[in-house]
Amino acid sequence: MNGLAPGRPGRAAFCAIAGILTACSLVETTSPFDDQGGGVAPSLPDDSFCSIPEEFIVSGGVGRDGIPALVNPSLVSSEHAEATYVREVDRVIGIEADGRFIAVPHNILWWHEIVNFDDFGRPFAVTYCPLTGSSMVFDRSSVEGVDFGVSGLLFHNNLMMFNRRLDGAEESLFPQMMQGARCGPME
């Protein structure tokens, strides 16, 4: 079973590919939408309407997908030999999904900020913004199950996600703590 082992709170049941990336951080730029070296330059969707003040949307210092969200990472039990990257005292985001318990370690979320899951009854995403310390879980059924990615933009220093559209349709921006689209067609 994947999950927290009894008597071992804080141990991870989650194993993911780790990368060396920059966490969500505010970098001053001449334009809030300049590319800062990672991925595609962050920008508002074409011809988008935002219900939030655009002057509070700034570049987080990385481009679109400059912090790569994870999609269906491998899970391991807390007793697995590969779970040594999380100690018993480390923080995790714990959730129950489809009767299974999952622990997503903060040290993984620092590098990826979003983990998309598809194999637990319904698609959902675990999100974390290191800058604000906020973590949330989103049911991705409302965005037709498409993955969430890191836009490279911040709203009031908080992660702005986007829904990855594979059909070429316009994407929307979702400020994490506002729990819904605030720029784009899904507004």
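Both backbone and side-chain heavy atoms feed into the values below; hydrogens, waters and symmetry mates do not.
- Counted by atom type alone, Asn158 and Ser134 present one or more donor-acceptor pairs between their side chains at under 3.5 Å.
- Ring geometry for His156 versus Phe56: interplanar angle under 30°, hence parallel rather than tilted (30 to 60°).
- Screening Ile52, Val58, Leu173 for a side chain to side chain contact (heavy atoms under 4.5 Å, CB included) with Phe155, the sole residue that qualifies is Ile52.
- If you look at Phe174 and Phe148, their ring centroids are closer than 6.0 Å.
- Ion pair Arg64/Glu171 flagged as a salt bridge, since at least one NZ, NE, NH1 or NH2 atom sits closer than 4.0 Å to an Asp/Glu carboxylate oxygen.
- Residues Val137 and Trp110 share a hydrophobic cluster, clusters being chains of Ile/Leu/Val/Met/Phe/Trp/Tyr side chains in contact below 4.5 Å.
- A donor-acceptor pair under 3.5 Å is formed between the side chain of Thr127 and the backbone N or O of Met136.
- By the criterion of side-chain heavy atoms lying less than 4.5 angstrom apart, applied directly or through intervening Ile, Leu, Val, Met, Phe, Trp or Tyr residues, Ile67 is not grouped with Val71; the two fall into different hydrophobic clusters.
- A heavy-atom distance below 4.5 Å is not found between the side chains of Val104 and Val92.
- Taking the charged nitrogens against the carboxylate oxygens, Arg122 and Asp98 have no contact shorter than 4.0 Å, which rules out a salt bridge.
- Contact check for Glu113 versus Tyr128: no side-chain heavy atoms found under the 4.5 Å cut-off.
- Considering only heavy atoms from C-beta on, Leu70 stays 4.5 Å or farther from Ile114 through its side chain.
- Here Gln176 contributes atom CD and Ser135 contributes atom OG; the two are 7.0 Å apart, rounded to the nearest 0.5 Å.
- The heavy-atom pair separating Asn116 from Pro73 by the smallest distance is O-CD, 4.0 Å.
- Atoms SG and CE, on Cys129 and Met160 in that order, are 11.5 Å from each other to the nearest 0.5 Å.
- Between Ala81 and Thr84, the shortest heavy-atom distance links the atoms O-CG2, 3.2 Å.
- Between Leu75 and Arg100 there is a side-chain heavy-atom pair separated by less than 4.5 Å.
- Ser141 is listed as a side-chain neighbour of Pro123, based on a closest heavy-atom distance under 4.5 Å.
- Distance check, rounded to the nearest 0.5 Å: NE2 of His106 to CH2 of Trp111 gives 15.0 Å.
- Between Gly184 and Ser172, the shortest heavy-atom distance links the atoms C-OG, 3.5 Å.
- We find the CG-NE2 distance between Asn107 and His112 to be 9.5 Å, quoted to the nearest 0.5 Å.
- With rounding to the nearest 0.5 angstrom, the CE atom of Met177 is 10.5 Å from the CG atom of Leu159.
- The aromatic rings of Phe120 and Phe124 sit tilted, their planes meeting at an angle between 30° and 60°.
- A donor-acceptor pair under 3.5 Å is formed between the side chain of Arg140 and the backbone N or O of Val146.
- Glu55 contributes atom CD, which lies 10.5 Å from atom SG of Cys50 (distance to the nearest 0.5 angstrom).
- Side chain of Ser59 to main chain of Leu153: no donor-acceptor pair is present (N/O by atom type, distance under 3.5 Å, no hydrogens or angles).
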